[in-house]
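Take a look at the structure below.
Chain A is the first sequence line, chain B the second, and so forth, proteins listed ahead of strands; every chain is numbered from 1.
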Amino acid sequence: KAGVTQTPRYLIKTRGQQVTLSCSPISGHRSVSWYQQTPGQGLQFLFEYFSETQRNKGNFPGRFSGRQFSNSRSEMNVSTLELGDSALYLCASSGGGADTQYFGPGTRLTVL
Amino acid sequence: GEDVEQSLFLSVREGDSSVINCTYTDSSSTYLYWYKQEPGAGLQLLTYIFSNMDMKQDQRLTVLLNKKDKHLSLRIADTQTGDSAIYFCAARANYGQNFVFGPGTRLSVLP
């Protein structure tokens, strides 16, 4: 089975712009979660989508949003980018008996 | 809510055993996981354990769970330089609830 894929792998944006990141889960997985990873804050949970509905949400401002499509692919959008949004954004899909999360390689976002 | 803690650094000699420790606060955590992250990469699932288990062994990896103390450990036998990475502990209360990750332990393996 193919793993979790994320596109693009690297992105450079300037303050005030918006960005959309994409995640394709493992075939058959219906849950997709998004995380932000920074050296200072570690791994922080953004939100989780299951069957096109947001099931869980972390403590991030409304500038961070997401959605999931009927094929379980998910997108994450960040509007009005700030310097502090520079981070590695990780997507994870889960499914199966143990409902274990499997991570993609991440998208490295740099905001200038 | 759940909080997961880990020591931040561990240094061992090649060939020795490494023990990475983790504590969690929510006694209802049902699923506990260990992930490995190498530089520039995503997180790789190493192993997981259910709360009704005390121990799980998988090749060089041994996971011990002490539910009373809410303590989880990962032992890596015969540690190699390729094991140098950041190791994350994660807890999940129930199916459908989000994962909570610890800050990660950076393991350095010295030749």
Residues from residues 76-86 of chain A approaching chain B under 4.5 Å (heavy atoms): none

Just how far is it from atom CG of B:L45 to atom OG of A:S94, taken to the nearest 0.5 Å? 11.5 Å

Is A:L90 reachable from A:V32 through a run of I, L, V, M, F, W or Y residues, each pair having side-chain heavy atoms under 4.5 Å apart? no

Residues which pass ring-ring contact (aromatic ring centres under 6.0 Å, His included) with B:Y35, listed by chain and number, not counting sequence neighbours: A:F103, B:F101

Gap between atom CG of B:L43 and atom OH of A:Y35 - 0.5 Å precision: 9.0 Å

Treating Ile, Leu, Val, Met, Phe, Trp and Tyr as nodes and any side-chain heavy-atom pair under 4.5 angstrom as an edge, say whether A:W34 and B:F99 lie in one connected cluster. no

Could you give the distance from CD (A:Q101) to CG (B:N98), rounded to the nearest 0.5 Å? 8.5 Å

Applying salt bridge (Lys or Arg N to Asp or Glu O under 4.0 Å), name anything that partners B:R75, two or more places apart in sequence or on another chain. none

Contacts of residues 38-75 of chain A with chain B (heavy atom under 4.5 Å): A:L43, A:F45, A:E48, A:F50, A:R55, A:N56

Taking B:F50 as the starting point, is it possible to reach B:L61 by hopping between hydrophobic residues whose side chains are less than 4.5 Å apart? yes

Select one option (side chain, backbone, both, neither) describing which atoms of A:Q6 are under 4.5 Å from chain B's heavy atoms. neither

Indicate, with yes or no, if B:W34 and B:L32 share a hydrophobic cluster defined by side-chain heavy-atom contacts under 4.5 Å among Ile, Leu, Val, Met, Phe, Trp and Tyr. yes

If you define the side chain from C-beta out and look only at heavy atoms, does anything of A:L88 sit under 4.5 Å from B:Q37? yes

Shared hydrophobic cluster, B:L46 / B:L64 (ILVMFWY, side-chain heavy atoms < 4.5 Å): no

